[in-house]
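To keep things clear, I will list the structure first and then write my remarks on it.
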Amino acid sequence: MSFHSMWAELLPVGRSSASGGYRRFAWTGADADCRAWFEQQARSRGLAYETDRNGNQWAWLGDPARGDAVVTGSHLDSVPDGGAFDGPLGVVSAFAALDELRHRGARFTRPLGIVNFGDEEGARFGLACVGSRLTAGLLTVEQAHRLTDAQGITLPQAMEAAGHDPGAIGPDPERLDRIGAFVELHVEQGRALDLSGDPVGVASAIWPHGRWRFDFRGEANHAGTTRLADRRDPMLSYAETVLAARREAELAGAVATFGKIAVEPNGVNAIPSLVRGWLDSRAADQESLDAVVDGVRSAAREYADAHGVELVVERESFTSVVEFDRVLRDELARILGTGTDLTVPVLGTGAGHDAGILSARVPTAMLFVRNPTGVSHSPAEFAAEDDCVAGVRALADALEGLACT
Ligand code: GLV
Ligand code: MN
Ligand code: MN
């Protein structure tokens with residue numbers, strides 16, 4: 001099946017007709033449809049298919065027990081109203097690259113694996129990369145059991161409802177021991193390749209990043225009858241904190257976003273009792289990230305005190321800086337440069353990826369495909385079909401160089 005047909009088949013799955021964006025949240029019906037698609041792609045190619053204890057899907061060519069497999073893939077879940085490319089491009093390209101290698105008559109000397117990591121975006125349970133974190137032992141079973149969605153459904157309950165045994169989740173070192181190299185292809189989430197004029201690049205590093213929950217608790221009261229002077233309105237401290245985040249990020253040359261908010265009781269004519277906002281912040285280095293988060297936290301404390309509001313700040317997730325494996329990265333740049341004599345751009349990113357999680361355990365690299373607008377986590381996310389095909393070719397070259405004679 002060509003890249004084009006696979007892409008067309010996956011395109012309607014989990015797409016909202018209202019927004020045009022994707023709502024493929026972990027362990028929902030749309031996720032199940034994506035997973036069924038993955039399994040069918042694996043089986044139709046005669047690959048050995050398995051779901052691991054954490055719900056990640058794998059398709060194998062050759063015997064992975066050998067321990068030096070080359071694995072590629074990405075994720076199929078999405079952020080709320082996400083784009084079509086973030087995640088699926090890496091999975092569809094993985095199958096298309098295998099087809100290309102078979103077409104070339106390549107002879108594999110190492111096993112090849114294709115993976116769909118579960119719950120990469122963390123859109124439902126708040127924590128990104130749950131599947132890869134559990135597998136790498138970077139999220140404990142107890143922590144995973146405490147994850148809850150907006151409806152109060154826990155991760156184990158959601159897994160069970162989707163037919164996956166939550167009693168099985170946990171670290172999976174044996175599975176990671178199978179992997180000699182992991183290469184994730186991903187749509188670029190910025191415009192570096194557009195500006196350099198290249199369809200494909202290689203990743204150098206992922207910025208340190210994390211999510212912090214800010215709970216501002218005040219007092220619910222009548223919006224019409226409560227004098228301004230008598231209010232303990234947490235929305236005010238929250239609003240001032242959003243502005244502080246922008247200021248701190250500008251000062252540190254970093255980024256900071258409050259993109260999600262929950263308000264109680266959430267009534268037009270009631271002063272809120274609680275405003276819960278989630279800060280996502282990322283920076284090129286740890287020191288700058290600490291400066292932003294410390295700055296936002298102390299500003300929030302000051303604003304909360306000024307309005308008689310209680311503040312609790314909790315770090316919900318964190319990923320340290322990831323420097324991708326130098327040897328593998330140079331090897332990919334060499335493979336992709338060969339023949340055309342082109343040098344391949346090497347770029348860093350502020351976006352998180354399963355490759356970043358795995359890099360703590362296995363040699364890992366990433367390929368990026370040009371995104372002409374740089375827009376991502378939005379229905380407007382885009383990559384031209386020619387660039388996607390160039391991405392498949394680059395991935396096939398990389399896999400051929402790493403896993404074939
Ligand atoms: C994942 O896409 C992230 O960077 O949050
Ligand atoms: Mn994403
Ligand atoms: Mn992604």
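Atoms within each ligand, like the ligands themselves, are counted from 1 in listed order.
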Ionic contact status for R334 with E331, cut-off 4.0 Å: yes

pair L399-L98: side-chain heavy atoms closer than 4.5 Å: no

N or O contact, G352 vs ligand 1, cut-off under 3.5 Å: yes

Whether H377 has an N, O or S atom under 2.8 Å from the Mn ion (ligand 2): yes

Sidechain-backbone polar pair: S16 side chain, G21 backbone, donor-acceptor under 3.5 Å: no

With F214, the ring-ring contact (aromatic ring centres under 6.0 Å, His included) member among W278, Y238, F258: F258

Distance-only N or O hit between ligand 1 and Q189, under 3.5 Å: no

Nearest-neighbour protein heavy atom for atom 5 (O) of ligand 1, which is reported as residue plus atom name and distance: R282 NH2, 2.8 Å

Sub-3.5 Å N/O-N/O distance, D280 and ligand 1: no

Closest approach to the Mn ion (ligand 2) by E121, given as the N, O or S atom name: OE2

Nearest non-hydrogen partners of D77 and E121, listed with the distance: OD2-N, 2.9 Å

Numbered atoms of ligand 1 (with element) below 4.0 Å of A351, judged on heavy atoms: 4 (O)

Side-chain donor-acceptor contact under 3.5 Å, N371 with T373: yes

For the Mn ion (ligand 3), the closest N/O/S atom belonging to D86: OD1

Angle subtended at the Mn ion (ligand 3) by H186 NE2 and H75 NE2, rounded to 10 degrees: 120°

Side chains of E400 and I335 in contact at under 4.5 Å (non-hydrogen atoms): no

Contact atoms of ligand 1, heavy-atom distance to E121 under 4.0 Å: 1 (C), 2 (O)

Within-shell test, H377 vs ligand 1, heavy atom, strictly < 4.0 Å: yes

N/O donor-acceptor pair under 3.5 Å between R24 side chain and V13 backbone: yes

